[in-house]
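First comes the structure, then the notes that go with it.
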Amino acid sequence: MFDKILIANRGEIACRVIDTCRRLGVSTVAVHSDADAQARHVAMADEAISLGGNTPAESYLRIDAVIDAALKTGAQAVHPGYGFLSENPDFVEALEAQGLVFIGPSASAIRAMGLKDAAKALMEEAGVPVVPGYHGASQEGLDKIADDIGYPVLIKAVAGGGGKGMRRVDAPADFADALEAAQSEALKAFGNDIVLIEKYVTKPRHIEVQIFGDGTDAVHLFERDCSLQRRHQKVIEEAPAPGMTPEMRQAMGQAAVRAAKAVGYSGAGTVEFIVDGSDGLDPAKFWFMEMNTRLQVEHPVTEAITGVDLVEWQLRVAAGEALPMRQEDLSINGHSFEARIYAEDVPAGFLPATGRLDHLEFAQDARIDTGVRQGDEITPFYDPMIAKLTVHAQSREAALQQLDRALAKTQIAGTVTNIAFLRALANDLDFAAGNVDTGLIERGLDRLAQVPVPCSKCRALAAVATLGSLANPLAGLTLWGALPQEVALLWGEETLTARVTTQSDGAYHVAVDDSAHSVTDLGGDWAVDGQKTSARVVRHGTGITVFWGNSYAFQRVDPLERAAGAMLGGDVTLAPMPGLVKAVFVAAGEAVSEGDKLAVLEAMKMEHVLRAPRAGVVAEVYVMQDAQIAAGSPMIALEPEA
């Protein structure tokens, strides 16, 4: 076993690796950007080295700086986590050239699986089922190939990922435009415009198999169902897959092991399959999609049902040990779900969000993988994941109930999150029945993305929390009796008003929304209308968050800020999130039409185009290219309509 390793990553995966290293007595070295200087993974590690900069390109993607940090600290090996350099074969070779061990597969295995077309050809040779399609390098006559395969077809960039360079085509007349769009997007994103063509499965399920190899032999640790996706990004994962039969599991597991052995795979990897779920699970209807040559984000569900620590396995095999277990020693125990908790605005189209985690409390009866603590900032430089919440029970039904309870107990204030969306999914009837496919979320998006509306009792609690001193029952009293206090709150874009009167017994009478309630502070607990509740109220800056079944975020209204906002009016385009202004397309005095591009804002590795809300003339441009701006900042104003 190694004495010391460097972790070339950040956030929850870096913390996850450190946890196992601590248990095994392995010292750890963290690396960090300037933005992450005070991050949780830095505090947890035995040593830490700065890579400089804020963006990934300035820090975590710098091969030379990572290797230099490993050499300076005497680390023997480097764990890449996932993302960043984890699937970069040049990084592997650069480490090995310096006598360092890469805790993962060989550079040749990564290269073999790195391009989708070459990987599919290799899998066909290994006897792994592949979706009918064309995976060649020539881009001539693709329309004829699509005709032969039969519509619908899927165009995919060979170097793609995250849904970029991908288009579904339902009819021959649409093929040319879709091909041009996919190739253009692929070239911009990956520097490679070569695409492949595949038969599109009408009710696809995304089922992946966890494999582990030692370079000679390999085993599988069963499957995970990752069908609950939005825009090809996973949301909730589970293991084992619902509806899985022993015959299907055996066929998929054996195919995944053949894939691993075909490239002499060493370490943890995942073989992803697309499965036709239109009529149950048929061993003849699953096909290889791709292989991820690293540890997956969703690996905790596999650990939960197998009792295996995959990071420990990674360390042991990289240190030269054989596979810790044989296939016949592995078995499934119960059912597990993982939900990815993000700082994102779901109703606004899942826009990534930032903010200070003023209050952070997780369920005690769930596994939490996180790289943040209360008081940390979610910055615009990296993925806005807050935590992964994993539950395990003996049945799928029990695990799903536990997932919903654990999400309900999770309290986060200071930024918007997707917790309400995750709870809506956990309570979806199709999902509960195991009737899942990759289109489930999109079909029910309007319903699933609805924002829970605070009832009048919840609003009354928030109104009481705006008072200057909850500890003083005489606040607001005069010689002639109680003096009502007018308070105003913002909930989203809605302004709420309430009248709060302090009673002689310390309770508060609150008139809000044409309703009246009695609210009593019981020293952290709350009673409403004489009945004790489970509600919790958190004050943070100008914010007030009420946790009561769901979380409801309010803002205390500053009259001066309201007046300033009113002066701006509805003709000002505001930044929907903090970010970097990548481009500004207009100048003062310029005429624009509705929908014209005004600017591009980059945040959380995504570009967001801001467009003119109506036709008009630009009155003022408040921002310039390359400026870093806060959420809600005015960007471009139009002249008022006549």
Side-chain angles (χ1 to χ4, degrees), residues 9-11 31-42 50-62 65 83-84 162 188-189 342-345 348-358 371-373 375-386 412-418 540-543 553 555 558 561 564-565 568 571-588 590 596-613 618-638:
N9 217 298
R10 65 176 300 279
V31 292
H32 63 86
S33 65
D34 290 343
D36 279 342
Q38 304 301 318
R40 182 172 183 256
H41 77 279
V42 174
S50 172
L51 300 175
N54 287 322
T55 67
E58 297 170 317
S59 53
Y60 298 103
L61 292 175
R62 291 182 56 201
F84 295 139
K188 292 177 182 177
Y342 279 95
E344 63 182 7
D345 191 338
F350 295 81
L351 285 178
T354 61
R356 183 177 184 273
L357 297 171
D358 296 315
V372 296
R373 302 151 298 188
D376 285 352
E377 293 278 346
I378 302 296
T379 74
F381 301 112
Y382 311 109
D383 184 272
M385 180 185 284
I386 296 173
I412 302 173
T415 183
V416 296
T417 75
N418 65 337
H540 46 102
T542 60
Q555 285 289 326
D558 184 321
E561 289 183 0
L568 287 174
D571 294 325
V572 178
T573 298
L574 305 177
M577 73 204 75
L580 179 71
V581 179
K582 293 289 289 185
V584 177
F585 300 111
V586 295
E590 184 176 336
D596 281 356
K597 286 184 179 181
L598 300 178
V600 174
L601 187 65
E602 182 182 74
M604 308 292 187
K605 302 182 290 186
M606 298 171 59
E607 289 190 354
H608 305 272
V609 178
L610 304 176
R611 300 183 181 275
V618 176
E620 190 167 355
V621 177
Y622 298 103
V623 296
M624 63 179 64
Q625 186 172 320
D626 297 327
Q628 190 78 37
I629 60 174
S633 299
M635 297 183 67
I636 293 159
L638 299 181

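Keep in mind it's a predicted model, so treat the numbers as computed, not measured. Counting begins at 1 with the first residue of the sequence.
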With rounding to the nearest 0.5 Å, note down the distance linking [atom1] in [X] to [atom2] in [Y].
X	Y	atom1	atom2	result
N54	F381	CG	CZ	4.0 Å
D358	D376	CG	CG	11.0 Å
L610	M635	CG	CE	5.0 Å
H41	R10	NE2	CZ	7.0 Å
D596	E590	CG	CD	8.5 Å

Mark yes or no for whether R62, through its side chain, and L51, through its backbone, hold a donor-acceptor pair below 3.5 Å. yes
Using a 4.5 Å cut-off on heavy atoms from C-beta on, say whether the side chain of [Y] contacts that of [X].
X	Y	result
V600	V584	no
L61	F84	yes
L357	I412	yes
I629	Y622	no
T417	E344	no
S33	Y382	yes
I636	V572	no
D36	S59	no

On a heavy-atom basis, which atom in [X] and which in [Y] lie closest, and how many Å separate them?
X	Y	value
L601	A575	CD2-CB, 4.2 Å
Y60	H32	OH-CA, 3.3 Å
V623	P634	CG1-O, 3.9 Å
R40	V372	CD-O, 3.8 Å
P384	P352	CG-CB, 3.9 Å
L580	D626	CD1-O, 3.3 Å

Take atom CD in Q628; do more than 12 heavy atoms of anything else shown fall under 6.0 Å from it?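 Above 12, so yes.
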Please step through side-chain contact (heavy atoms from CB on, under 4.5 Å) for the pair I386 and I378, ending with a clear verdict. CA-CA 8 Å; I386 296 173; I378 302 296; 4.1 Å; yes
For side-chain contact (heavy atoms from CB on, under 4.5 Å), just list the numbers for L638 and V618, CA-CA rounded to whole Å, side-chain angles, deciding distance to a tenth of an Å, and then say yes or no. CA-CA 4 Å; L638 299 181; V618 176; 4.2 Å; yes
